[in-house]
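Every number for a ligand or one of its atoms is a count from 1 in the order of the listing. One-based numbering along the sequence shown. Predicted model, so just to flag it, every value in this text is computed and none were measured.
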Amino acid sequence: MLRLPDNFETFEEVKKQSFLRIMKEKEEGKKLVGVFCTYTPLELIMAAGANFVSLCGGSEHTIAAAESVLPKNLCPLIKSSYGFAITDTCPYFYFSDAILAETTCDGKKKMYELLNRHKPVHVMHLPQGQKGPLAVESWKQAMVEAKEFLERELGVTITLNQIQDAIKKRNRIRKLLLKIYEIGKLNPSPVSGYEISSIIESSGFQFSDEDMEEELEKKYQELIARYQPQELGQSPRPRIMITGCPLTGVRDKIVKTVESMGADVVAFDNCSGPRTQERLVNEEMDPYQALAENYLQINCSVMTPNTDRQSDLERMIEEYRVDGVLEVVLCACHTFAIESNFTRETVTEKKGLPYLYVETDYSEGDLGQITTRLGAFLEMIKM
Ligand code: BJ8
């Protein structure tokens, strides 16, 4: 028998509604699997007939609770996510039947050990580098183990055919997400970067695949209809690319702010961005091999080396006609902070463009300082 959290009555209306909506899905028999990272092979969860949902926390409010257990000098994404889990304030975590996680950064993988006290967590062992036959081989084995975990926890059997069907479905969604991102290539951009990234993020909370496909296609048609090149001509607004850590929790502070200051965010070079969507999973080969090869190509800073991120960055700067690159790094994210040295070189030396590095967290305390720095960055682009 499903029950709501003990503190349910204290929640605001929107949150209450989310809890009730997911409870209804669960009562109808749909299982829910929580995920934290772009490396998670969503196709396996789809093949199990379950819903998936991102559990990455983007709120400052749960950080104090997390800090009673986790160190203060940890990335806000990890603290916020864990805080949601231990305060029963996230409907997605509360109703998750299982969590499929992976060994990315040290903070996340150790946090998962604690999370395992609250929900069944399976940690997939992600290789530390992308190249070489052993990397793909071990990641393929991790896929098989993840499938076995899902079967056990969800009480289902996952067949090869079901995985192949899920790969096809997810490829269709990848193409739709890519189409939406690529609207940013148009000049003038008919849609703000804030809107594009919000649409993509909310697609992770759309539970039925069919609904998601339909919604994304409708959204794309709606956005593209706004483009009227002949009437408007080229936009004088600087075209910005954002790279670095996931933007959950800092979207308003960064994307909204820079656009309100007269720039257009036209491209996103982060883990869920266009370059992840443009690589489709091979539909013909062994599905475990296909998933392993595809997901291992994600250019996250947790990989060493991660040189392909730089070549992707160069290509995207050209394709999206970018005037300046803004790198957003969450406090205490060592891998992105160190890798920013390479990104700065790529942007300034290879492409000859202005580059700004912003380190931030989920608080509003640095908004004034960030606004001043963004202002100087935009001035530099206009010169
Ligand atoms: S594929 S970016 S979702 S690992 S920001 S928690 S790395 S300390 S989120 Fe990430 Fe997967 Fe990579 Fe994407 Fe750690 Fe850095 Fe925090 Fe991070």
Modelled atom types, side-chain donor and acceptor of Glu137 and Gln141, under 3.5 Å:
no

With heavy atoms of Ile78 as the reference, note each atom of ligand 1 found under 4.0 Å away.
6 (S)

Numbered atoms of ligand 1 (with element) below 4.0 Å of Phe336, judged on heavy atoms
2 (S)

Contacts of type side chain to side chain donor-acceptor pair (under 3.5 Å), residue Ser192, not counting sequence neighbours
none

Does Cys245 have a non-hydrogen atom less than 4.0 Å from ligand 1?
yes

Check: Glu314/Gln310 side-chain N/O donor and acceptor closer than 3.5 Å:
no

Mind listing the protein N/O/S atoms less than 2.8 Å away from atom 11 (Fe) of ligand 1? Waters don't count.
Cys37 SG

Is there a donor-acceptor contact under 3.5 Å from the side chain of Tyr355 to the main chain of Glu327?
no

Identify the protein heavy atom lying closest to atom 16 (Fe) of ligand 1, giving its residue, its atom name and the separation to 0.1 Å.
Cys75 SG, 2.4 Å

Does one side chain, of Glu25 or Asn51, offer a donor that lies under 3.5 Å from an acceptor on the other?
yes

Taking non-hydrogen atoms only, is Cys333 closer than 4.0 angstrom to ligand 1 via side chain, backbone, both or neither?
both

Is the closest basic N to carboxylate O distance between Glu278 and Arg275 below 4.0 Å?
no

Region of Asn270 engaging ligand 1 - heavy atom pairs below 4.0 Å
neither

Distance-only donor-acceptor check, side chains Asn306 and Glu339, under 3.5 Å
yes

Could you tell me if Lys179 sits above the aromatic ring of Tyr220, with its cationic atom closer than 6.0 Å to the ring centre and no more than 45 degrees from the axis?
yes

Separation of Asp366 CG from Asp361 CG (nearest 0.5 Å)
6.0 Å

Residue, atom name and distance, where the atom is the protein heavy atom closest to atom 14 (Fe) of ligand 1
Cys105 SG, 2.3 Å

